[in-house]
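There's a structure below that I have some questions on.
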Amino acid sequence: MDFVFLKDFLSDYSLPTLIISSIVAIISLVLDKFLSEKLPVGMKNYIPFGLAIIAYFIYDMIFVCFAFSFRTEAIGAGILCGSLSTIVVSIAGKIKKGEPIPLNATTLLIEKLLEDYVSKESAIATALIIEELIESSNKEKGDSLTKLEIYEALKKQSEINLSDQQYYYIAGLILSSVKELNKNKV
């Protein structure tokens, strides 16, 4: 494992974001251990994001606003915390299994979000393709990648048949989480 990558990755985000992400990652690991057979396929992907939005809302209410008010920034920050917790869970799983860890957080995130739907090899290949699509979009169009482009890439690469709605939800989750991950670096 490349500890320089891990140090650089963790230093890109604020301390409250990392703390909330760690707490959500621990809760996600516990829920995954006990509820993995009881949850529908893919539901595990949405749990960290929902928990992170709730946790960040509580943090925002207690430490930032000092009142019961809902700021829309809490949703974006919650998605960021959910993305980071998903990456932490992915890194923990790879360390436990002794697998190599890619040096890109985006690849880890996309791979983890896809692993319930496709095989591990296909998830890695699709993550790399989507990462290339995101990078080329950032260079050419200035961060104007759409859900439809990710949806088409998923549909092209996927080995199992999901409904169009499921593909679209996964594409939306990937797009919003990667955008928040890249946008909120300190």
Side-chain angles (χ1 to χ4, degrees), residues 4-32 35 39 42-94 101-116 127 130-131 133-135 137-138 141-151 154 166 168-186:
V4 174
F5 159 71
L6 193 58
K7 179 207 155 280
D8 290 342
F9 171 70
L10 293 176
S11 65
D12 284 342
Y13 302 99
S14 67
L15 184 62
T17 301
L18 293 173
I19 291 171
I20 291 170
S21 300
S22 300
I23 292 168
V24 170
I26 291 168
I27 293 170
S28 296
L29 285 170
V30 170
L31 288 176
D32 186 40
L35 298 177
L39 293 175
M43 188 62 159
K44 291 186 290 185
N45 290 339
Y46 296 100
I47 289 174
F49 293 96
L51 289 173
I53 289 171
I54 292 168
Y56 202 88
F57 170 70
I58 292 169
Y59 162 79
D60 196 39
M61 187 174 62
I62 294 172
F63 295 108
V64 178
C65 295
F66 303 110
F68 187 78
S69 63
F70 186 75
R71 297 182 325 137
T72 55
E73 293 87 10
I75 294 175
I79 292 172
L80 172 65
C81 291
S83 300
L84 292 173
S85 68
T86 302
I87 292 168
V88 168
V89 168
S90 179
I91 289 173
K94 287 187 176 289
I101 298 172
L103 295 181
N104 193 330
T106 307
T107 306
L108 279 168
L109 176 63
I110 296 170
E111 178 188 339
K112 182 68 177 167
L113 292 175
L114 292 176
E115 77 179 13
D116 285 342
I130 292 174
E131 182 185 349
L133 184 66
I134 291 168
E135 287 177 6
S137 173
N138 289 343
K141 301 184 244 179
D143 196 31
S144 64
L145 187 67
T146 63
K147 274 192 238 184
L148 185 60
E149 292 170 320
I150 293 177
Y151 167 83
L154 284 172
Q166 287 175 318
Y168 198 68
Y169 285 149
I170 297 167
L173 183 62
I174 289 171
L175 181 65
S176 61
S177 59
V178 168
K179 278 189 176 185
E180 285 297 327
L181 188 69
N182 293 330
K183 179 176 84 171
N184 286 300
K185 290 184 178 179
V186 173

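Any value given below was found using the heavy atoms of this structure, including those in side chains, with hydrogens, waters and symmetry copies removed.
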message: How close do Val89 and Lys112 get, counting heavy atoms only, and between which atoms?
response: CG1-CE, 3.7 Å

- prompt: Is there a side-chain contact between Ile150 and Ile170, using heavy atoms and a 4.5 Å cut-off?
  reply: no

Interatomic distance, Ile26 atom CD1 to Ser21 atom OG [nearest 0.5 angstrom]: 11.0 Å

task: Drop me the distance from Leu109's CG to Ile174's CD1, to the nearest 0.5 angstrom.
output: 8.0 Å

- request: Starting from the C-alpha separation in whole Å, work towards a yes-or-no answer on side chain to side chain contact (heavy atoms under 4.5 Å, CB included) for Thr86 and Ser177.
  value: CA-CA 10 Å; Thr86 302; Ser177 59; over 6 Å; no

task: Might you point out which heavy atoms bring Leu133 and Glu149 nearest each other, and give the distance in Å?
output: CD2-O, 3.7 Å

task: Find out whether Leu29 and Val88 are in side-chain contact, i.e. whether some heavy atom of one side chain is under 4.5 Å from a heavy atom of the other.
output: no

query: Given side chains that start at C-beta, do those of Pro16 and Tyr59 come closer than 4.5 Å, heavy atoms only?
result: yes

message: Is the distance from the ring center of Phe49 to that of Tyr46 below 6.0 Å?
response: no

- prompt: What distance separates Leu80 CG from Leu18 CG, expressed to the nearest 0.5 Å?
  reply: 8.5 Å

message: Can a donor-acceptor pair be found, under 3.5 Å and without considering hydrogens, that links the side chain of Ser28 to the backbone of Val24?
response: yes

message: Would Lys94 and Ser90 count as a side chain to side chain contact (heavy atoms under 4.5 Å, CB included) here? Give the steps.
response: CA-CA 6 Å; Lys94 287 187 176 289; Ser90 179; 4.2 Å; yes

- prompt: Rounded to the nearest 0.5 Å, how far apart are CD1 of Ile130 and CG of Leu114?
  reply: 5.5 Å

- prompt: Which heavy atom of Ser85 sits nearest a heavy atom of Ala25, and at what distance?
  reply: CB-N, 3.6 Å

message: To the nearest 0.5 Å, what is the distance between CD on Glu131 and OG1 on Thr106?
response: 5.5 Å

Shortest non-hydrogen contact from Cys81 toward Ile20: SG-CG2, 3.8 Å

query: What's the spacing between Leu173 CG and Tyr168 OH if we round to 0.5 Å?
result: 13.0 Å

